[in-house]
Amino acid sequence: MALVTSTEMFKKAYDGGYAIGAFNVNNMEIVQGITEACREEKAPVILQVSKGARAYANHTYLVKLVEAAVAECPEIPIVLHLDHGPDFETCKSCIDGGFTSVMIDASSKPFAENIEITRKVVEYAHDHGVVVEAELGTLAGIEDDVKVAAHAASYTRPEEVEEFVSKTGCDSLAIAIGTSHGAYKFTAAQCTRNEKGILVPPPLRFDVLEEVSRRLPGFPIVLHGSSSVPQNYVKMINENGGKMPDAVGIPEEQLRHAAELSVCKINIDSDLRLAMTGTIRQFFNEHPDKFDPREYLKPARANIKELVRHKLVDVLGCAGKA
């Protein structure tokens with residue numbers, strides 16, 4: 001199976017009450033861990049590349065890694081997606097370079113300018129058989145080159161979505177309902193502490209999601225900043241020389257509920273990085289004499305695979321949907 005767009009994926013997900021996992025990739029082991037889990041669980045998948053990943057690993061290397069995954073896992077549909085494309089030129093480069101989906105993120109611009117930039121990308125992408133994700137509303141947090149202070153974040157305004165989608169022609173829409181980028185998604189002041197002293201983030205604004213869905217029936221919605229920041233990996237990092245106090249993510253039960261509604265794509269990034277980093281830190285503490293990257297990247301890849309498997313089955317609900 002060749003690379004596909006997300007059009008058919010999203011239609012099936014919307015009708016079936018599940019979401020597709022969109023996982024950010026940077027290297028071979030992450031690509032392998034994700035796609036091996038998806039192959040075994042028979043799940044469709046979106047492999048995402050950010051501007052930062054392209055700068056780190058090179059566009060060509062990343063495309064070839066994903067093409068290798070397609071060759072190794074021909075039975076599952078795979079989308080290659082640009083995450084948070086900052087401008088038309090970056091989106092055009094990815095469209096011309098083999099991507100089947102791009103995101104143009106002009107959410108920091110005024111509404112009219114966001115429409116203008118997004119429409120330009122949509123016109124070029126659709127002429128080349130590529131689909132486009134846009135964003136309305138602004139998420140707080142830090143992810144690669146996306147840096148938004150908490151006070152600058154803004155919820156999506158449901159009353160704007162119909163005009164935005166109609167005028168841009170975008171194929172899916174990322175909205176802001178309280179998720180946040182990175183492993184440090186919320187300040188302690190934004191959270192409460194449960195009886196065990198663990199930070200509990202504020203609940204997602206499902207009222208915003210439901211109103212957007214009412215105004216855009218059948219239209220695929222996307223959630224960014226949706227890593228759950230698994231506490232077992234935060235603990236693993238801290239017990240092996242790391243310092244990640246109060247890292248907290250989105251509760252998985254809230255993500256599962258979002259997937260049962262109109263959310264067809266849920267982005268997962270920090271969880272994979274935590275799994276890789278925690279595993280490698282633990283490996284070197286337990287094996288200080290080791291130096292072969294294959295020895296410490298192998299267990300890191302295995303833990304990424306099991307984490308992705310859990311997401312597919314228990315959070316996204318897309319296992320068996322390939």
Any side-chain donor near an acceptor of the partner, [X] and [Y], under 3.5 Å:
{"X": "His224", "Y": "Asp269", "answer": "no"}
{"X": "Thr118", "Y": "Thr168", "answer": "no"}
{"X": "Gln282", "Y": "His287", "answer": "no"}

Can Leu312 and Cys38 be said to form a side chain to side chain contact (heavy atoms under 4.5 Å, CB included), step by step?
CA-CA 8 Å; Leu312 300 174; Cys38 291; 3.9 Å; yes
Please tell me whether [X] and [Y] are part of a single hydrophobic cluster in this structure, the criterion being side-chain heavy atoms less than 4.5 Å apart.
{"X": "Tyr14", "Y": "Val208", "answer": "no"}
{"X": "Ile250", "Y": "Leu261", "answer": "yes"}
{"X": "Phe164", "Y": "Phe88", "answer": "yes"}
{"X": "Phe111", "Y": "Val122", "answer": "yes"}
{"X": "Leu47", "Y": "Met103", "answer": "no"}

Given side-chain hydrogen bond (donor to acceptor under 3.5 Å, both in side chains), test Thr279 with Asn303 step by step and report yes or no.
CA-CA 8 Å; Thr279 305; Asn303 277 344; 2.8 Å; yes
Drop me the distance from [X]'s [atom1] to [Y]'s [atom2], to the nearest 0.5 angstrom.
{"X": "Glu160", "Y": "Lys167", "atom1": "CD", "atom2": "NZ", "answer": "11.0 Å"}
{"X": "Leu297", "Y": "Asn27", "atom1": "CG", "atom2": "CG", "answer": "7.5 Å"}
{"X": "Leu307", "Y": "Ser228", "atom1": "CG", "atom2": "OG", "answer": "7.0 Å"}
{"X": "Glu163", "Y": "Arg215", "atom1": "CD", "atom2": "CZ", "answer": "11.5 Å"}
{"X": "Tyr233", "Y": "Ile304", "atom1": "OH", "atom2": "CD1", "answer": "8.5 Å"}
{"X": "His59", "Y": "Ser93", "atom1": "NE2", "atom2": "OG", "answer": "5.5 Å"}

Would you list the pairs meeting salt bridge (Lys or Arg N to Asp or Glu O under 4.0 Å) in which at least one residue belongs to residues 281-290, sequence neighbours left out?
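Every salt bridge (Lys or Arg N to Asp or Glu O under 4.0 Å) pair that includes a residue of residues 281-290, provided the two are not neighbours, is Lys290-Glu295.
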Just grab all the salt bridge (Lys or Arg N to Asp or Glu O under 4.0 Å) pairs involving residues 311-322, residues at least two apart or on different chains.
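Listed once each, the pairs are Glu252-Lys311, Asp271-Lys311.
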Side chain to side chain contact (heavy atoms under 4.5 Å, CB included), that's the test. Do Glu135 and Val222 meet it? Break it down for me.
CA-CA 9 Å; Glu135 182 164 340; Val222 175; over 6 Å; no
Can you tell whether the side chains of Glu29 and Lys298 come within less than 4.0 Å, N to carboxylate O?
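Judged by the 4.0 Å cut-off on N to carboxylate O distance, Glu29 and Lys298 do not form a salt bridge.
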Does Tyr61 OH have over 12 foreign heavy atoms under 6.0 Å away?
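No, the 6.0 Å shell around OH holds no more than 12 heavy atoms from other groups.
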Would you say the side chain of [Y] lies within less than 4.5 Å of the side chain of [X], judging by non-hydrogen atoms?
{"X": "Phe219", "Y": "Val161", "result": "no"}
{"X": "Tyr124", "Y": "His128", "result": "yes"}
{"X": "Phe23", "Y": "Val308", "result": "yes"}
{"X": "Leu173", "Y": "Leu136", "result": "yes"}
{"X": "His126", "Y": "Asp171", "result": "yes"}
{"X": "Lys265", "Y": "Leu223", "result": "no"}
{"X": "Ile30", "Y": "Met276", "result": "yes"}
{"X": "Val49", "Y": "Asn24", "result": "no"}

Is it the case that the side chain of [X] and the backbone of [Y] share a donor-acceptor pair, with hydrogens and angles ignored and the cut-off at 3.5 Å?
{"X": "Asn240", "Y": "Met236", "answer": "yes"}
{"X": "Ser50", "Y": "Ala53", "answer": "yes"}
{"X": "Thr100", "Y": "Val130", "answer": "no"}
{"X": "Ser101", "Y": "His81", "answer": "no"}

Would Ile20 and Ile266 count as a side chain to side chain contact (heavy atoms under 4.5 Å, CB included) if you check the C-alpha gap in whole Å, the side-chain angles of each, and the deciding distance to 0.1 Å?
CA-CA 6 Å; Ile20 310 298; Ile266 292 180; over 6 Å; no
Quiz: residues 62-74 side-chain donor-acceptor pairs under 3.5 angstrom, not counting sequence neighbours:
from, atom 1, to, atom 2, distance (Å)
Lys64, NZ, Glu67, OE1, 3.2

Hey, mind stepping through Gln48 and Ile46 against side chain to side chain contact (heavy atoms under 4.5 Å, CB included) and telling me if it holds?
CA-CA 6 Å; Gln48 299 194 148; Ile46 298 170; 4.0 Å; yes
Qualifying residues under salt bridge (charged side-chain N to carboxylate O under 4.0 Å, His left out), relative to [X], sequence neighbours excluded:
{"X": "Lys92", "result": "Asp96"}
{"X": "Glu210", "result": "none"}
{"X": "Arg256", "result": "none"}
{"X": "Glu8", "result": "none"}

For [X], enumerate each residue passing the side chain to side chain donor-acceptor pair (under 3.5 Å) test, keeping only those at least two apart in sequence or located in another chain.
{"X": "Gln32", "answer": "Arg301"}
{"X": "Ser172", "answer": "none"}
{"X": "Gln254", "answer": "none"}
{"X": "Glu159", "answer": "Arg157"}

List in chain and number order the residues that pass side-chain contact (heavy atoms from CB on, under 4.5 Å) with Lys109, two or more places apart in sequence or in another chain; answer none if no residue qualifies.
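Lys109 satisfies side-chain contact (heavy atoms from CB on, under 4.5 Å) with Ala106, Glu113, Ile117 only.
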Are His257 and Phe206, when compared by the centres of their aromatic rings, separated by less than 6.0 Å?
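Between Phe206 and His257, which both carry aromatic rings, the centre distance is below 6.0 Å.
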